[in-house]
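Keep in mind that this is a model prediction, so the values were computed, not measured.
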Amino acid sequence: MDVLDTQRRRFLLGGAACIVAASLPKTAFALPLASGEPRELAMTSINTGEHLNVCYFNGQKYLEDELKLLNNLCRDHRRNVSTDMDKKLYDQLTAIYQQVGAKNPITMISGYRSPATNEMLRKNGGGQAKKSYHMTGQALDFYIEGVPLADIRNAARSLKAGGVGYYPNSGFVHIDTGPVRTW
């Protein structure tokens, strides 16, 4: 094979790679959080009444003990099981909280849902997705008292960091770390 053939192959492979990359779902790579700054979350579970105020990122690294506390708060309260939630989800919450200038804690309605709980809710007509990101620790439904739901939705959409569902009749916003999309 000569040099020209090698260059053509590289060009074609590079072009094919660009086409594949362009067709993949878009996710954000960086949230508007100050690098080197600690990240804190104040959250309450509407289902258990538990409250947590933790610094889960010290400006250098994620803090495993605090992440475990957050994961426990976000557990499937029906079965009392938790999972390792996606850290990017907590970063999204922090960025949203900062953007809307919230003062009150985040009220979590639903975090992790075990597959059994998700299926039970689906069968009872709750509208849960069959392959919900809640089951993989990548989704959270919430509101912040004193902040209009539309403002939370708009802040979440502006991040372009995953899915954003707006449920004004139910009083919450859904965020996840899956592909960027809105509903």
Search all heavy atoms of [X] against all heavy atoms of [Y] and return the closest pair with its distance.
| X | Y | result |
| --- | --- | --- |
| Ile96 | Ala155 | CG2-CB, 4.2 Å |
| Met43 | Cys74 | CE-SG, 3.8 Å |
| Ala150 | Tyr166 | CB-OH, 3.7 Å |
| Tyr112 | Met135 | CE1-O, 3.4 Å |
| Asn118 | Ser132 | OD1-CB, 3.6 Å |
| Val81 | Arg75 | O-CB, 3.2 Å |

Can you name the side chain to side chain donor-acceptor pair (under 3.5 Å) partners of Gln138, sequence neighbours left out?
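If we apply the side chain to side chain donor-acceptor pair (under 3.5 Å) test to Gln138, skipping adjacent residues, the hits are Thr136, Thr177.
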
Kindly determine whether Leu121 and Glu119 satisfy side chain to side chain contact (heavy atoms under 4.5 Å, CB included), including the steps that lead there.
CA-CA 5 Å; Leu121 293 170; Glu119 187 58 27; over 6 Å; no

In terms of hydrophobic clusters joined by side-chain contacts under 4.5 Å, are [X] and [Y] together?
| X | Y | result |
| --- | --- | --- |
| Phe57 | Tyr90 | yes |
| Tyr133 | Phe142 | no |
| Leu149 | Ile46 | yes |
| Leu63 | Leu31 | no |

Does the side chain of His51 reach to within under 4.5 Å of the side chain of Pro105, using non-hydrogen atoms?
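In contact.
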
Would you say the side-chain atoms of [X] pair up with the backbone N or O of [Y], donor to acceptor, closer than 3.5 Å?
| X | Y | value |
| --- | --- | --- |
| Gln92 | Ile175 | no |
| Asn71 | Leu67 | yes |
| His134 | Gly111 | yes |
| Asn104 | Ile144 | no |
| Asp176 | Gly163 | yes |

Would you please classify the geometry between the Trp183 ring and the Tyr167 ring as parallel, tilted or perpendicular, with 30° and 60° separating the classes?
perpendicular

Rounded to the nearest 0.5 Å, what's the gap from [atom1] on [X] to [atom2] on [Y]? Could you check?
| X | Y | atom1 | atom2 | value |
| --- | --- | --- | --- | --- |
| Asn80 | Thr48 | CG | OG1 | 9.5 Å |
| Leu52 | Leu41 | CG | CG | 8.5 Å |
| Ile106 | Tyr97 | CD1 | OH | 7.0 Å |
| Leu93 | Tyr56 | CG | OH | 7.5 Å |
| Asp84 | Leu70 | CG | CG | 11.5 Å |
| Arg113 | Met120 | CZ | CE | 9.5 Å |

Mind running side chain to side chain contact (heavy atoms under 4.5 Å, CB included) on His77 and Ser45 for me, showing each step along the way?
CA-CA 9 Å; His77 70 278; Ser45 168; 5.8 Å; no

Sequence neighbours excluded, every pair satisfying side-chain hydrogen bond (donor to acceptor under 3.5 Å, both in side chains) that has a member inside residues 145-157
none

